[in-house]
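From a predicted model like this one, the values you see are computed outputs, not experimental measurements.
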Amino acid sequence: FCYFTRLIFTVQMLTMALKSTIFKAELSITDMDRDYYATHQLTIAQHPSETDERMMIRIIAFALYASDSLQFTKGLSAEDEPDLWQKNLRDEVELWIDLGQPDEKRLRKACSRGQQAVIVSYGGGTAEMWWKKTQDKLSRFDNLTVINLVPSEVEVLAKSVERTMQIQCTIQQGQLWLSIGEHSIEVNPIYWLKH
């Protein structure tokens, strides 16, 4: 038992010692659905345990809800923060965006802390199982939106990752078209719940 405790502690210390990888992206957004047109200079810290897919999903979430005050948080490094948030001048959370399949406690926190809460789910079958198990409990949240991303589209996103990226993103009728280097990618978010 002591051996395993020491082993777990060692792995945790090594993970803490690993530094995040920094990515830079120039994201130009043409969002015809919201009449939002802007270019954002993004600095993205990729946690050692974060995959390229997940990092790119953070960029998709940013593009969908872009504003001058939307920010990446510490993400995986901080349990009490979402992946992205938008705060007003009084430090109140206007928008809370989480990725993955959060449990009910996390969902309650997102909906109580943020004026609007968004979950961007991904992972194919595991996301669908999570949704079937959770959807009935979500009807009481009137400020929650749940989006699912298709695994094949997310895989293509991950293949386009470079340390410095120029991303052109056009959004129309809920669809995203992205141009990243030599890659042209279409992303079709599925809204499982929309408020």
Side-chain angles (χ1 to χ4, degrees), residues 16 19-50 54-122 127 130-131 134-149 165 167-174 176 178 187 189-195:
M16 288 170 58
K19 297 247 189 271
S20 293
T21 304
I22 303 299
F23 290 81
K24 299 275 188 183
E26 182 181 271
L27 175 62
S28 297
I29 301 167
T30 302
D31 187 340
M32 290 180 258
D33 294 346
R34 295 193 299 142
D35 287 327
Y36 183 85
Y37 310 95
T39 298
H40 295 270
Q41 303 297 331
L42 304 178
T43 300
I44 305 137
Q46 185 184 35
H47 188 273
S49 67
E50 184 177 41
R54 190 179 190 285
M55 181 183 73
M56 292 304 287
I57 291 169
R58 283 198 286 147
I59 293 174
I60 292 295
F62 187 97
L64 284 170
Y65 291 92
S67 75
D68 288 338
S69 52
L70 184 63
Q71 300 175 344
F72 293 111
T73 65
K74 294 175 188 161
L76 293 173
S77 301
E79 283 185 25
D80 59 335
E81 294 180 358
D83 290 286
L84 297 97
W85 62 14
Q86 177 179 310
K87 290 182 166 187
N88 61 24
L89 295 174
R90 293 185 301 277
D91 205 37
E92 298 164 335
V93 180
E94 295 177 324
L95 176 61
W96 175 294
I97 302 175
D98 261 334
L99 306 187
Q101 294 95 39
D103 60 25
E104 193 178 354
K105 181 181 174 189
R106 180 78 177 182
L107 286 164
R108 275 196 312 271
K109 181 176 187 174
C111 292
S112 65
R113 291 271 317 270
Q115 293 170 20
Q116 181 184 9
V118 177
I119 305 300
V120 181
S121 180
Y122 62 98
W130 168 81
W131 176 242
T134 313
Q135 71 182 105
D136 292 339
K137 299 170 187 168
L138 303 183
S139 58
R140 62 192 163 114
F141 301 119
D142 60 1
N143 62 337
L144 176 64
T145 296
V146 180
I147 302 169
N148 185 51
L149 299 181
M165 296 177 277
I167 305 171
Q168 302 286 330
C169 177
T170 302
I171 303 171
Q172 186 174 19
Q173 295 181 334
L176 292 86
L178 295 111
V187 177
I190 300 163
Y191 284 81
W192 280 342
L193 183 67
K194 192 169 187 178
H195 285 292

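- Side-chain N or O atoms of Thr73 include one that pairs as donor or acceptor with a backbone N or O of Pro82 at under 3.5 Å.
- The nearest pair of heavy atoms linking Gln172 to Met32 is OE1-CE, 3.8 Å.
- The shortest non-hydrogen separation linking Ile119 to Gly100 is CG2-O, 3.6 Å.
- Aromatic ring pairs are classed by plane angle as parallel below 30°, tilted from 30° to 60° and perpendicular above 60°; the pair Phe62 and His40 is perpendicular.
- If you take CZ on Phe23 and CD1 on Ile59, they are separated by 9.0 Å, rounding to the nearest 0.5 Å.
- Residues that satisfy the side chain to side chain contact (heavy atoms under 4.5 Å, CB included) test with Gln173, not counting sequence neighbours, are absent from this structure.
- Smallest separation of non-hydrogen atoms from Asp33 and Gly174: OD2-N, 2.7 Å.
- Side-chain contact between Trp192 and Gln135: absent, with no pair of heavy atoms (C-beta onward) separated by less than 4.5 Å.
- In this structure, Trp130 has no ring-ring contact (aromatic ring centres under 6.0 Å, His included) partners at least two apart in sequence or on a different chain.
- Distance check, rounded to the nearest 0.5 Å: CD1 of Ile57 to OG of Ser121 gives 9.0 Å.
- For the pair Thr39 and Ser28, the tightest heavy-atom approach, listed with the atom from each and the gap, is OG1-OG, 3.1 Å.
- Annotation: side chain of Val120 is not in contact with side chain of Ile60 (no heavy-atom distance under 4.5 Å).
- The distance from atom OG of Ser112 to atom CZ of Phe141, rounded to the nearest 0.5 Å, is 8.5 Å.
- Looking at Trp96 and Glu81, their side chains never come closer than 4.5 Å, going by heavy atoms from C-beta outward.
- Within the model, atoms CD1 of Ile29 and CG of Leu64 stand 9.0 Å from one another, a figure rounded to the nearest 0.5 Å.
- Checking Val93, Leu70, Asp68 one by one against Gln86, the side-chain contact (heavy atoms from CB on, under 4.5 Å) holds for a single residue, Leu70.
- Taking both residues in full, the closest heavy atoms of Asp83 and Arg54 are given as OD1-NH2, 2.9 Å, listed atom of the first, atom of the second, then distance.
- Under the rule for a salt bridge (Lys or Arg N to Asp or Glu O under 4.0 Å), Asp142 has no partner lying at least two apart in sequence or in another chain.
- When side chains are defined from C-beta on, Tyr65 counts as touching Leu95, because their heavy atoms get closer than 4.5 Å.
- Nearest heavy-atom pair across Ile147 and Pro189 is CG2-CB, 3.5 Å.
- For Lys137, the side chain to side chain donor-acceptor pair (under 3.5 Å) criterion is met by no residue, not counting sequence neighbours.
- Side-chain atoms of Leu193 and Trp131, non-hydrogen and from C-beta on, do get closer than 4.5 Å to each other.
- Using a distance-only test at 3.5 Å, with no hydrogens or angles considered, a donor-acceptor pair links the side chain of Asn143 to the main chain of Gln115.
- Under the rule for a salt bridge (Lys or Arg N to Asp or Glu O under 4.0 Å), the partners of Arg34 that lie at least two apart in sequence or sit in another chain are Asp31.
- In this structure, CD in Gln71 is found 11.5 Å from CD1 in Ile97, a value given to the nearest 0.5 Å.
- Atom CE in Met56 sits 7.5 Å away from atom CD1 in Ile44 (nearest 0.5 Å).
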Next item on the list: Could you walk me through whether Arg108 and Arg140 pass the side chain to side chain contact (heavy atoms under 4.5 Å, CB included) test, one step at a time?
Entry: CA-CA 10 Å; Arg108 275 196 312 271; Arg140 62 192 163 114; 4.1 Å; yes
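- A search for side chain to side chain donor-acceptor pair (under 3.5 Å) contacts involving Asn88 returns Glu92, not counting sequence neighbours.
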